[in-house]
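What follows is a single structure, written as structure tokens, with notes after it.
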Amino acid sequence: MQPVHKKNTKPNRRRLILILILCLIMILAALLFWFYFKGKHAQSTLPEVKAAEDQQITLIGKAPEDLMAFEVFPPGHASYRLVREGDLFQVADSPEFSLNAYMIEQMAEDLTSLSAEKIGLIEEVTGGAEALGLVGEHFRVIAEYSDHSSLTLSFGNAAYTEIPTDYFMLSGDSSVYLVSPQIRSNLDFPLGALSPPPRIDFSSDLLTSLQVTEEEAPFTLELTGGFWQLTSPLKHPADLGAVATLINDIGDMRLAVYVGEAEELSLSDYGLARPAREVAFHLAESLITTYAEDGQLMDSQEVAAQSLRFAVGDDIDRVGFYCLYQGAVYQASYASMGFITTLQLTDLLAKKPVVIPINQLLALAVEEAGEKRLYQVELTERIEQNNEIALDEQGQPLYDPWIMLDGVEIDSEAFVLEYLKLMDLSGQGRLPEGFSPSGSPLKRFSFSAEGMALELAFYPYDALHAAMAVNGQAFWYVNTQSVEDIAL
């Protein structure tokens, strides 16, 4: 029998793998060469300018009061013309338009005192003015002076120099210059950015209610009888910590940039034709008083109750949004006013719903296992051993609760201890959305106080927990044993 030789395929497989690897290396090398030459080509299209002596040349040397008018052409925005009227500037066709004096002063300073570094002539630049970004829609300013002369300042692209600079040219001069980008930063503003936005100047202490109007989840937060409560679309005590944060946020509200009067704009361009959300702050009437340095009352002015409304429009690059306020459109930042775009009813629900302190409690009705108990609370002045009324540190009378259970006086200290347990009862977790309690409650507490009526009921939820319903609405569950431990 002839010997049988088994064909060895391993070398062929190795050769195939080696060929594949070499092909991948060649493809990768080709891609790297392509990117390299593409980058070289891109670099070759950059302006080629001959560097002159590194020195600053004074291009404009005038006094600020020599500037009589200037017209600004900000890319992407309408141009505008400012003219001198006495010591101030005003918008040529809208003299009543309010301008930020400091910003105008900076603009006037740069338009009357300007130095730059000369780097060559425009004809020496590869690609000419277009390569420098000095043709078409580019930023420029036309300045007019008291000697009847005028200059056009043209700002181009950023120059890739060690110290940041911009390409710059001046009318009547074929030279190309480099100037600090700060000059353009001081000049390149749309007209609206020059108007100081109004101060949202109201004390959060005057806030009586906040109303959020939107299609999905509108709600109203009100201060009634000293208690912050959600009153629409449900009645629920508000979380005191969340309200304190809200009050603090209100104090930090600032509008950023004036865009224009609403009647002169297409509101749909800003998401304000039919705003998705409006937030209204309702303020109580107040009294503004003015005092002299010696403490004597100089003047007092009554301010009627008022409402401030803010409509929320489109987002601006995730850093702000458009806002309609008092007939004008503004830009607002999320840092200072973002809370009005995100505030939700669920953020304000109190996890500890018993917010009525015992010194404001009038009555407490308890229902459990078919039995009913009624606690009534009265406050009596605390009498010292010398038969004088006890006073606190501010000199105010101190009071002690006097408790009646179904008409019979009981130990007030025992009641207070159990009532404090009730005030400390907090939701442990959220119930499923849309949860609705059914059946008879394990226990029900009904509170009466000036400015608030509160019902707290606990329903079976699972083996260890009870659903806590506040005025019929259940959002949280609690430990069943915690409810059973309240001996009221």
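Remember, it's a predicted structure, so these values are computed and weren't measured experimentally.
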Parallel, tilted or perpendicular for Tyr419 and Phe447, by the 30°/60° rule?
perpendicular
Tyr399 and Gln396 side chains, donor-acceptor separation under 3.5 Å:
no
Kindly compute the distance separating CZ (Arg199) from CZ (Arg254), expressed to the nearest 0.5 Å.
7.0 Å
Just by distance, no angles: are the side chains of Thr213 and Glu278 close enough, under 3.5 Å, to form a donor-acceptor pair?
no
Using a 6.0 Å cut-off, check whether atom CG of Asp317 has over 12 heavy atoms from anything other than its own residue.
no
Pro196 versus Ser98: any side-chain heavy-atom pair under 4.5 Å?
yes
Tell me the closest heavy-atom pair linking Leu255 and Ala332, and the distance in Å.
CD2-CB, 4.5 Å
N/O donor-acceptor pair under 3.5 Å between Gln331 side chain and Val259 backbone:
no
Any chance you could lay out the side chain to side chain contact (heavy atoms under 4.5 Å, CB included) test for Leu234 and Val470, step after step, and finish with the verdict?
CA-CA 10 Å; Leu234 52 81; Val470 180; over 6 Å; no
As a test of understanding, state which of Tyr330, Phe321, Tyr322 forms a ring-ring contact (aromatic ring centres under 6.0 Å, His included) with Tyr270.
Tyr322
Write down the atom of Ser426, the atom of Val478, and the distance for their closest heavy-atom approach.
O-CG1, 3.5 Å
Would Asp110 and Gln106 count as a side chain to side chain donor-acceptor pair (under 3.5 Å) here? Give the steps.
CA-CA 6 Å; Asp110 285 335; Gln106 289 291 110; 5.4 Å; no
Nearest heavy-atom approach of Leu405 to Arg373 is CD1-CB, 3.9 Å
Within 6.0 Å of CG in Asp87, more than 12 heavy atoms from elsewhere
no
Leu67 side chain reached by Tyr145 side chain, heavy atoms, under 4.5 Å:
yes
Side-chain heavy-atom pair Phe139, Leu187 within 4.5 angstrom cut-off:
yes
Looking only at side chains, do His282 and Ser307 share a donor and an acceptor under 3.5 Å apart?
yes
Would the number of heavy atoms belonging to other residues, nucleotides or ligands and lying under 6.0 Å from CD of Glu96 be above 12?
yes
Distance from Leu361 atom CG to Met452 atom CE, nearest 0.5 Å?
11.5 Å
Between Tyr461 and Leu431, is any pair of side-chain heavy atoms under 4.5 Å apart?
yes
Would you give the length of the straight line joining atom CE of Met68 to atom CZ of Phe89, rounded to the nearest 0.5 angstrom?
7.5 Å
Check the pair Asp400 / Arg382 against salt bridge (Lys or Arg N to Asp or Glu O under 4.0 Å), numbers first and verdict last.
CA-CA 6 Å; Asp400 290 320; Arg382 182 181 299 176; 2.8 Å; yes
Within residues 359-398 or reaching into it, pairs that qualify as ring-ring contact (aromatic ring centres under 6.0 Å, His included) - sequence neighbours excluded:
Tyr375-Phe415
Say you draw a straight line from CD1 of Ile142 to CG of Leu151; how long is it, rounded to the nearest 0.5 Å?
10.5 Å
Passes side chain to side chain donor-acceptor pair (under 3.5 Å), Thr224 versus Gln229? Steps please.
CA-CA 7 Å; Thr224 56; Gln229 306 174 62; 2.5 Å; yes
Examine Tyr167 together with Phe155 and report whether their ring centres are nearer than 6.0 Å.
no
Looking at Ala69 and Arg81, what are the two nearest heavy atoms and their distance?
CB-NH2, 3.8 Å
Check against ring-ring contact (aromatic ring centres under 6.0 Å, His included), Tyr258 and Phe97
CA-CA 11 Å; Tyr258 171 84; Phe97 188 86; 5.4 Å; yes
Run Val91 and Leu82 through side chain to side chain contact (heavy atoms under 4.5 Å, CB included) and show every step you take.
CA-CA 5 Å; Val91 182; Leu82 303 182; 3.8 Å; yes
If you measure from CG on Leu207 to CD on Glu222, what distance do you get to the nearest 0.5 Å?
10.5 Å
Who pairs with Glu85 by side chain to side chain donor-acceptor pair (under 3.5 Å), at least two apart in sequence or on another chain?
none
Within the 6.0 Å centroid threshold, strictly below: Phe435 and Phe475
no
Under 4.0 Å between a Lys/Arg side-chain N and an Asp/Glu carboxylate O for Asp239 and Lys351?
no
What's the verdict on salt bridge (Lys or Arg N to Asp or Glu O under 4.0 Å) for Asp485 and Lys421, showing C-alpha distance, side-chain angles and the deciding distance?
CA-CA 9 Å; Asp485 289 344; Lys421 292 181 185 178; over 6 Å; no
Asp188 side chain to Pro74 backbone, donor-acceptor under 3.5 Å:
no
When every non-hydrogen atom of Pro75 is compared with those of His138, the smallest separation belongs to CG-C, 4.0 Å
4.5 Å side-chain heavy-atom contact, Leu283 and Thr208:
no
Before you tell me yes or no, could you show the steps for Arg444 and Glu455 under salt bridge (Lys or Arg N to Asp or Glu O under 4.0 Å), namely the whole-Å CA-CA distance, both residues' side-chain angles and the distance that decides it to 0.1 Å?
CA-CA 7 Å; Arg444 188 197 311 270; Glu455 180 184 278; 3.3 Å; yes
Close side-chain approach of Pro460 to Leu442, heavy-atom, < 4.5 Å:
yes
As a quick check of understanding, evaluate side chain to side chain contact (heavy atoms under 4.5 Å, CB included) for Arg309 and Phe281, giving each step before the final call.
CA-CA 6 Å; Arg309 301 179 184 276; Phe281 299 92; over 6 Å; no
Candidate list Ile60, Leu153, Ile183, test side-chain contact (heavy atoms from CB on, under 4.5 Å), partner Leu111, passing option
Leu153
Counting only heavy atoms not in Lys62 (residues, nucleotides, ligands), do more than 12 fall under 6.0 Å from its NZ?
yes
Taking all non-hydrogen atoms of both residues into account, name the closest pair between Lys372 and Asp406 and its distance.
O-OD2, 4.3 Å
Using a cut-off of 6.0 Å, state whether more than 12 heavy atoms not belonging to Glu378 lie near its atom CD.
no
Verify side chain to side chain contact (heavy atoms under 4.5 Å, CB included) between Phe310 and Met253, making sure each step is shown before the conclusion.
CA-CA 11 Å; Phe310 299 83; Met253 291 174 67; 3.7 Å; yes
Distance-only donor-acceptor check, side chains Trp476 and Gln428, under 3.5 Å
no
When you check the side-chain N and O atoms of Asp93 and Tyr80, is any donor under 3.5 Å from an acceptor?
no
Spacing of Leu194 atom CG and Ile104 atom CD1 [to the nearest 0.5 Å]:
4.5 Å
Find out whether Tyr477 and Met468 are in side-chain contact, i.e. whether some heavy atom of one side chain is under 4.5 Å from a heavy atom of the other.
no
Start with the C-alpha gap between Tyr334 and Phe339, add the side-chain angles, then the distance that decides, and say whether ring-ring contact (aromatic ring centres under 6.0 Å, His included) holds.
CA-CA 7 Å; Tyr334 287 125; Phe339 75 97; over 10 Å; no
